[in-house]
Amino acid sequence: MQVRAARGRSDAAPRFDLWRIPGCKRLHGAGDLVLNTSVGARHPRVLLDAGLHDGSAYVCTVPLTAQLRGQLTEFQALAALVDGHALPYAMPRPARPVSRAGLLHLRALLALDAVQAGASQRDIAIALFGPEAVRTQWHADGVLRAQVRHLVARAKGLMQHGYLDLAGVRHGHARAPGDEQVH
């Protein structure tokens, strides 16, 4: 959607006010500007005409395409946003549940980043599992310490071409470690 300065009769046209638009705003570009806003989990984008100024009358234009009917609700929501109203959407769709393998890969990559930044294994455990867990469960031969060592070794293995197996590029392994079923 594009917001343009109204030309001709502008008595009934609304007045543009950037600060009335809800959310965190970022402007990009030269000439015509792209306005990116963050409203909750939504990140709408609107093209602002170069001739549009704060307080000037404006009109909203949309591209005339075959998909216009399906996009009409979205364009109406963007027009309401520019007019200073909250987005009339229902709650955002819930995120996919995190799999055991996904959590394991995430923790391994976080551990690798921490090792490369010079963090100790105890610092990594605090970042991944929390200070309370480390205070109560950190021992020389404890499970938590073994988990951190395993995560670091796993991440180093992924870094040294193991990511190809994980991505399914190499056919050496049918499944990546950590994708086994949980019983």
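All values below come from the heavy atoms of this structure, side chains included, with hydrogens, waters and symmetry mates left out. Residue indices begin at 1 and follow the sequence shown.
In plain terms, the two heavy atoms of Ala6 and Val59 that are nearest each other are CB-CG1, 4.0 Å. For the pair Arg15 and Gly55, the tightest heavy-atom approach, listed with the atom from each and the gap, is CD-O, 3.1 Å. Residues Leu128 and Ala111 come closest through the heavy atom pair CD1-CB, 4.4 Å. Shown here for Ala119 and Asp123, the closest heavy-atom pair between the two residues is CB-CB, 4.2 Å. The two atoms that bring Ala125 and Val148 nearest to each other are CB-CG2, 3.7 Å, heavy atoms only. Closest non-hydrogen pair, Leu27 versus Leu48, comes out as CD2-CD1, 3.8 Å.
The structure places NE2 of His43 at 10.0 Å from SG of Cys24, a figure rounded to the nearest 0.5 Å. Note that OG1 of Thr65 and CD of Gln71 are 5.0 Å apart. Values are rounded to the nearest 0.5 Å. In this structure, NE2 in His150 is found 11.5 Å from CZ in Arg107, a value given to the nearest 0.5 Å. Taking OG of Ser120 as the start and CD1 of Ile126 as the end, the distance is 7.0 Å to the nearest 0.5 Å. In this structure, the separation between CD on Gln147 and CZ on Arg154 is 12.0 Å, given to the nearest 0.5 Å. Taken from NE2 in His85 to CD1 in Ile21, the straight-line distance is 11.5 Å, to the nearest 0.5 Å.
Hydrophobic clustering (side-chain heavy atoms under 4.5 Å, transitive across Ile, Leu, Val, Met, Phe, Trp, Tyr) groups Trp19 together with Leu35. Val34 and Val62 fall into different hydrophobic clusters, defined by Ile, Leu, Val, Met, Phe, Trp and Tyr side-chain heavy atoms under 4.5 Å apart, directly or through other members. No chain of hydrophobic side-chain contacts below 4.5 Å, direct or via other Ile, Leu, Val, Met, Phe, Trp or Tyr residues, connects Leu78 to Leu47. Under the 4.5 Å side-chain contact rule for hydrophobic residues, Leu104 and Met159 do not share a cluster. When hydrophobic clusters are built by joining Ile, Leu, Val, Met, Phe, Trp and Tyr residues whose side-chain heavy atoms come closer than 4.5 Å, directly or via intermediates, Leu109 is not grouped with Phe129.
Two residues are said to be in side-chain contact when any heavy atoms from C-beta on lie closer than 4.5 Å; Gln2 and Asp49 meet this criterion. The shortest side-chain heavy-atom distance between Trp138 and Pro131 does not fall under the 4.5 Å cut-off. Looking only at side-chain heavy atoms (C-beta outward), Glu74 and Pro44 stay at 4.5 Å or farther from each other. Residues Gln121 and Val152 have side chains not in contact (no heavy-atom distance under 4.5 Å, counting atoms from C-beta outward). Counting heavy atoms from C-beta outward, Gln137 and Val143 have side chains that stay 4.5 Å or more apart.
For Lys25, the NZ atom counts as densely surrounded, since its 6.0 Å shell holds more than 12 non-hydrogen atoms of other residues, nucleotides or ligands.
Checking side-chain atoms of Arg20 against main-chain N and O of Asp83 turns up a donor-acceptor pair under 3.5 Å. Put simply, the side chain of Asp32 gets close to the backbone of Ala50: a donor and an acceptor are under 3.5 Å apart.
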Test log, rule side chain to side chain contact (heavy atoms under 4.5 Å, CB included), inputs Leu112 and Leu151: CA-CA 8 Å; Leu112 180 64; Leu151 289 171; over 6 Å; no
Residue pair Val134, Arg122: steps toward the side chain to side chain contact (heavy atoms under 4.5 Å, CB included) verdict: CA-CA 8 Å; Val134 172; Arg122 186 177 178 94; 3.7 Å; yes
